[in-house]
Trainee: 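Attaching a single structure in structure tokens format; questions to follow.
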Amino acid sequence: MMFETWWLLALPLVFGLGWMAARFDVRQLISEQGALPRSYFKGLNFLLNEQPDQAIDAFIEVARLDPETTELHFALGALFRRRGETERAIRVHQNLATRPDLPEPEREHALYELGQDFLRAGLLDRAEESLRRLMSGPYAASAKRVLLELYEVEKEWQKAIDAARELQALENKDYRLQIAQFCCELAQDALQRKRPEDAVKWLNQAVQENPANVRAPILLGDVAAAAGNARAALGHWLGIERQDASFLPLVAERVVKAYAGLGEQGVALDWLRGLLKGSLAAELLDVAFKTELDQNGPEAATRLMREQLRRQPTLLALTRYFEAQAASMAPAGAMAGNGSEADTGETVEGDKTKEVTAIRDLLQLRTRNLARYTCRECGFRARLFYWQCPGCNRWETYAPRRSEALG
Ligand SMILES: [Zn+2]
């Protein structure tokens, strides 16, 4: 009871204090408004009337009269960049960066923002120029991070490696995963330029940098295969199982091709059939289906898919099952198409073929865009596997398995 009485007494007091605080704020605001130059209100008015260019002119005028308004400019610049109006953001930040009276930390801040504006505007040379002027001081690490992003866009992988190493020292953060990927990018460039020795050099460096990197052994296998050494290539690709077996589906087609080149198709098929029994079944389904179909025909492929459906019923396996069935019925289908009379055995067979092809077509239509890789950082979905997400530009964010979800 005692407590409640006190509370009732305290309530008017709290309201009274709130009222006084509000009055105080309003008075302070009015006195501050008096001190602000007219251009400030002019600028605000332009901004509210969606005349941003006139607003910038007015605010630049404010800055000339009152050098204390830099915060306003940074806010305005950030707003323009966020809205994608990079040209306006550049104008605001450039005006700040070139002001002779600006203290050094704020000038550096302006250069940093300017670098990001140029990057967003695709003016990469100018972005690099701005950011390179910030190699020491409080913005050094942030500038280097944006530079790293820039080198990745420009595909300047050697510069990216250097920047990542510097960042590693500056921030005490691990960049080895990225550095190994940059080495792989350089190796891929070297492969395209037909310089396998350089590629191998970069790939070995990638492994050294990040022993868990799976892309390097995949590419080392490609180098060996290109040199005609299928056995060595298989060694690299199959060795991935020891690192992370979930990446095996990425090399399945390569493995099948290499075994075929050695005349050992049967070994490839046994390998695939073995993997189909495990957790990688959904990922390897297509390769296994195609290999079985090519080697042993549609009946064998039908059998394989039937077994697979019993183990793990998926829409993809069902689609492949009906594809194999339709393929094994193709001759009967051709006969039915020739307009046979009713009530003959051929027509019954023909009807069944039509049914199977109709189911196959429907399933193919439904599953065409079904299996997709999904970025675990931003959720970007892609038909192809990417080492760097095209959505958020992060590295190794795609699991090598495709999700079978509609959408
Ligand atoms: Zn992403």
Side-chain angles (χ1 to χ4, degrees), residues 78 81-84 86 89 112 115-124 127-128 131 141-165 167-168 171 173-189 202-203 206 209-219 240 243-253 279-280 282-284 286 316 367-407:
R81 189 170 65 227
R82 216 172 28 241
R83 285 172 41 157
T86 41
Y112 170 65
Q116 291 190 79
D117 297 340
F118 283 135
L119 182 64
R120 293 287 166 272
L123 301 166
L124 303 182
E128 189 177 352
L131 295 164
S142 316
K144 202 142 287 208
R145 267 200 303 276
V146 184
L147 267 177
L148 179 60
E149 199 184 318
L150 184 147
Y151 294 142
E152 286 181 24
V153 175
E154 282 184 316
K155 301 196 181 300
E156 291 263 16
W157 303 114
Q158 181 62 64
K159 282 186 181 175
I161 291 175
D162 296 340
R165 281 199 210 288
L167 267 176
Q168 203 156 247
E171 292 188 309
K173 204 178 135 201
D174 198 354
Y175 278 89
R176 280 175 299 180
L177 182 144
Q178 286 90 329
I179 295 175
Q181 285 290 345
F182 301 155
C183 292
C184 289
E185 291 288 344
L186 282 163
Q188 211 147 30
D189 287 352
W202 285 117
L203 292 169
E209 206 67 51
N210 177 19
N213 181 296
V214 186
R215 193 181 175 188
I218 294 177
L219 290 171
I240 289 170
Q243 278 179 290
D244 186 347
S246 68
F247 280 90
L248 280 177
L250 292 185
V251 292
E253 260 176 275
S279 61
L280 300 171
E283 316 308 314
L284 289 159
D286 277 348
L316 274 183
T367 53
R368 189 170 296 150
N369 295 321
L370 198 60
R372 284 183 184 265
Y373 297 103
T374 310
C375 171
R376 61 172 161 263
E377 291 290 336
C378 72
F380 192 92
R381 285 160 74 72
R383 283 173 74 84
L384 295 173
F385 177 84
Y386 289 102
W387 294 103
Q388 184 184 25
C389 172
C392 65
N393 293 331
R394 291 198 179 92
W395 292 90
E396 295 187 29
T397 52
Y398 280 88
R401 44 185 40 211
R402 289 178 285 193
S403 52
E404 198 179 277
L406 288 166

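In this chain, numbering begins with 1 at the start of the sequence shown. Order of listing sets the numbers, starting from 1, for every ligand and every atom in it.
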Trainee: Can you list, by chain and residue number, the protein N, O or S atoms under 2.8 Å from the Zn ion (ligand 1)?
Mentor: Cys375 SG, Cys378 SG, Cys389 SG, Cys392 SG

Trainee: Does the pair Lys144/Glu149 count as a salt bridge with the N-to-O cut at 4.0 Å?
Mentor: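 Salt bridge between Lys144 and Glu149, a charged N being under 4.0 Å from a carboxylate O: no.
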
Trainee: So that I know where these two stand, are Tyr386 and Trp395 an aromatic pair - ring centroids less than 6.0 Å apart?
Mentor: no

Trainee: Taking salt bridge (Lys or Arg N to Asp or Glu O under 4.0 Å) as the test, write out the residues that go with Glu152, two or more places apart.
Mentor: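 With sequence neighbours excluded, Glu152 shows a salt bridge (Lys or Arg N to Asp or Glu O under 4.0 Å) to no residue whatsoever.
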
Trainee: Using 4.0 Å as the upper bound for N to carboxylate O, is an ion pair formed by Glu396 and Arg376?
Mentor: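 The answer is no: the pair does not qualify as a salt bridge.
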
Trainee: Could you list the residues that satisfy salt bridge (Lys or Arg N to Asp or Glu O under 4.0 Å) with Glu377, not counting sequence neighbours?
Mentor: Arg394

Trainee: My understanding is that only residues two or more places apart in sequence, or in another chain, count here; which of them pass salt bridge (Lys or Arg N to Asp or Glu O under 4.0 Å) with Asp244?
Mentor: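 For Asp244, no residue satisfies salt bridge (Lys or Arg N to Asp or Glu O under 4.0 Å) once neighbours in sequence are set aside.
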
